[in-house]
There are 2 protein chains.
Amino acid sequence: MPKKTFENLETGKKNRIYEAALNEFSRTRFESSKVSNIIKEAGIPRGSFYQYFEDKFDLYLYIFDEIGKRKMAYIGDIQSKIQEMSLFDLWEELYITGAKFAMENPRLVDITKFLLSSKDQVYNKLMGNNLKLAVDYYVQMIEVNKKNGLIRESVDSVTLATMMIETTTNVAVDNLTTGDDFGTDFEKMIQEIKKRIDIFRKGVETGEEHV
Amino acid sequence: MPKKTFENLETGKKNRIYEAALNEFSRTRFESSKVSNIIKEAGIPRGSFYQYFEDKFDLYLYIFDEIGKRKMAYIGDIQSKIQEMSLFDLWEELYITGAKFAMENPRLVDITKFLLSSKDQVYNKLMGNNLKLAVDYYVQMIEVNKKNGLIRESVDSVTLATMMIETTTNVAVDNLTTGDDFGTDFEKMIQEIKKRIDIFRKGVETGEEHV
DNA sequence: CCTCCATATGACACTGTTGTCACTTTTAGT
DNA sequence: ACTAAAAGTGACAACAGTGTCATATGGAGG
């Protein structure tokens with residue numbers, strides 16, 4: 001975490017550094033990011049950088065922490081609704097809110113994406129546990145809905161939870177396959193999300209087929 | 001693509017280079033891979049490397065090409081069955097075959113994974129079009145099944161195709177969320193795949209809910 | 001045995017990066 | 001105004017990698 005020297009900085013400079021770091025870490029993954037680029041863009045001398053942070057990773061941790069805070073603030077208190085809403089209504093809300101956040105913060109998404117796709121220790125340290133918690137959270141929702149008779153008992157909760165999270169991650173990020181990133185077309189994204197949720201709810205086969 | 005010097009090489013040396021490249025490119029993404037590591041492991045001098053390949057990227061292209069060939073040989077002629085089988089039977093076959101290939105060739109999977117997660121020109125050059133073709137292929141299958149009355153008309157073909165491919169990619173690679181890579185437990189992987197396909201077919205809601 | 005061309009080789013020039021450190025400037029307290 | 005601590009600064013040493021090039025080697029044909 002940053003040294004107090006950084007905390008004490010005037011907002012302007014602090015912000016330039018934050019912005020430059022965001023640009024650099026969303027441009028490329030951690031290993032190939034360069035302190036040189038960051039200080040050039042922020043317009044601070046090299047020496048100062050090391051006055052503020054232990055090293056590159058120290059800054060990265062700080063940025064990662066900030067992203068987490070901002071995301072949490074954005075997602076807000078949806079958590080509390082878990083008992084009141086059905087799985088899919090709740091999911092839709094989570095999904096759309098997440099997608100909106102992603103759309104408004106493309107750089108944060110890129111950073112997360114880079115992290116998700118690294119298999120090194122950095123990843124395990126920062127993300128590993130988060131995902132396990134997310135799975136637990138979804139499993140919990142699913143179980144409640146099974147008890148209420150809304151979800152088939154024969155569906156494996158962990159499998160469903162995993163699929164839901166994977167799906168959420170993919171559209172939140174962009175369409176893996178079509179390369180479509182929805183630009184700023186929020187409506188289009190919502191339509192896509194609803195189509196996806198519908199498939200999860202009802203399946204795609206016609207009624208005649210199975211029992 | 002490699003120079004003829006490389007093609008002319010005795011099988012032993014050629015193979016050592018191939019193996020070393022596979023190790024290096026599956027260890028880390030292209031940008032951070034090192035010619036130094038490859039030549040050290042293959043036991044060839046630096047100069048020789050540049051006798052065989054234009055540069056690092058030239059070798060990468062070669063490896064990528066090889067992976068494609070081997071994968072194609074493995075997947076084989078499933079293509080021809082498109083008219084005879086229902087969407088999900090066909091998908092299950094594609095899915096399981098792909099997963100088996102992935103399980104047997106973890107290094108190839110890692111390389112693909114690294115490529116998938118890069119957003120640079122390398123990716124677009126090598127993968128962009130592949131994915132579009134895959135989507136088209138799935139869409140085509142889906143349309144056939146709609147005509148036969150097996151799939152609800154109200155399902156968006158492109159959305160479904162995209163979701164199917166994303167799902168396939170994820171389990172083929174590993175469980176994004178649980179971190180479970182199934183090791184060599186082929187049976188367990190098949191079970192997981194079947195559970196996923198079942199959710200796509202039938203949806204997860206109980207019958208009472210919707211029309 | 002000689003010659004010539006393809007191939008092999010590793011030292012090296014070049015580039016780019018990180019983190020350090022000796023020195024300068026600013027700030028704040030007296 | 002004086003001084004001590006804090007913050008700022010950029011030249012630089014250390015390192016790590018790439019691709020090149022002058023030179024060495026070997027084998028096929030004469």
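Atoms considered below: every heavy atom in the structure, side chains included; atoms not considered: hydrogens, waters and symmetry mates. The sequence lines fix the lettering, A, B, ..., with proteins before strands; numbering per chain opens at 1. All values reported here derive from a predicted model rather than from experimental measurement.
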Report task. Quick one: list whatever passes side chain to side chain contact (heavy atoms under 4.5 Å, CB included) with A/Tyr52, sequence neighbours left out. Result -> A/Thr5, A/Phe6, A/Leu9, A/Lys13, A/Ile17, A/Ile44, A/Ser48

Requested in this report: Tell me whether the centres of the aromatic rings in B/Phe114 and B/Phe30 are closer together than 6.0 Å.
Outcome: no

Report task. Could you tell me the separation between the CZ atom of A/Phe57 and the C1' atom of C/dG19, rounded to a whole number of Å? Result -> 17 Å

Would you tabulate the side-chain donor-acceptor contacts of residues 98-108 of chain B under 3.5 Å, counting partners in other chains and residues two or more places apart, or write 'none'?
unit_1	atom_1	unit_2	atom_2	d
B/Glu104	OE1	B/Tyr74	OH	2.9
B/Glu104	OE2	B/Tyr74	OH	3.4
B/Asn105	ND2	B/Phe101	O	2.9
B/Arg107	NH1	B/Glu19	OE1	3.0
B/Arg107	NH1	B/Asn23	OD1	2.9
B/Arg107	NH2	B/Glu19	OE1	3.1

Distances under 3.5 Å only, N/O to N/O: pair up the protein atoms with those of nucleotides 25-29 of chain D.
none

Please produce a list of atom pairs where a protein N or O lies less than 3.5 Å from an N or O of nucleotides 20-22 of chain C.
none

Query raised in the report: With respect to the side chain of B/Lys34, which nucleotide from C/dG19, D/dT9, D/dT18 is positioned closest?
Result: D/dT18

Query raised in the report: How long is the line joining CZ of B/Phe53 and P of C/dT7, in whole Å?
Result: 14 Å

Report task. Output all residues satisfying side chain to side chain donor-acceptor pair (under 3.5 Å) with A/Ser154, sequence neighbours left out; order by chain, then residue number. Result -> A/Arg152

Query raised in the report: Under 4.0 Å between a side-chain N/O of B/Ser36 and OP1 or OP2 of D/dA16, yes or no?
Result: no

Query raised in the report: What is the distance from NZ of A/Lys56 to P of D/dC15, rounded to the nearest Å?
Result: 18 Å

Report summary line: With sequence neighbours left out, the residues meeting side chain to side chain donor-acceptor pair (under 3.5 Å) with B/Glu143 are B/Ser157

Requested in this report: Return the set of residues passing ring-ring contact (aromatic ring centres under 6.0 Å, His included) with A/Phe49 (not counting sequence neighbours), or none when no residue passes.
Outcome: A/Phe53

Query raised in the report: Over how many whole Å does the gap from A/Lys40 atom NZ to D/dG10 atom P extend?
Result: 15 Å

Query - A/Glu166 and B/Arg196 ion-paired at < 4.0 Å - result: yes

Report summary line: Note: contacts of residues 1-14 of chain A with DNA chain C (heavy atom, under 4.0 Å) are none

Requested in this report: Among residues two or more places apart or on two chains, list those pairs meeting salt bridge (Lys or Arg N to Asp or Glu O under 4.0 Å) that have a residue in residues 35-48 of chain B.
Outcome: none

Report task. State which residues pass side chain to side chain donor-acceptor pair (under 3.5 Å) with B/Gln191; sequence neighbours excluded, sorted by chain then number. Result -> none

Query raised in the report: Mind checking what makes side chain to side chain contact (heavy atoms under 4.5 Å, CB included) contact with B/Asp136, not counting sequence neighbours?
Result: none

Query raised in the report: Does A/Phe200 have any ring-ring contact (aromatic ring centres under 6.0 Å, His included) partners at least two apart in sequence or in another chain, and if so, which?
Result: A/Trp91

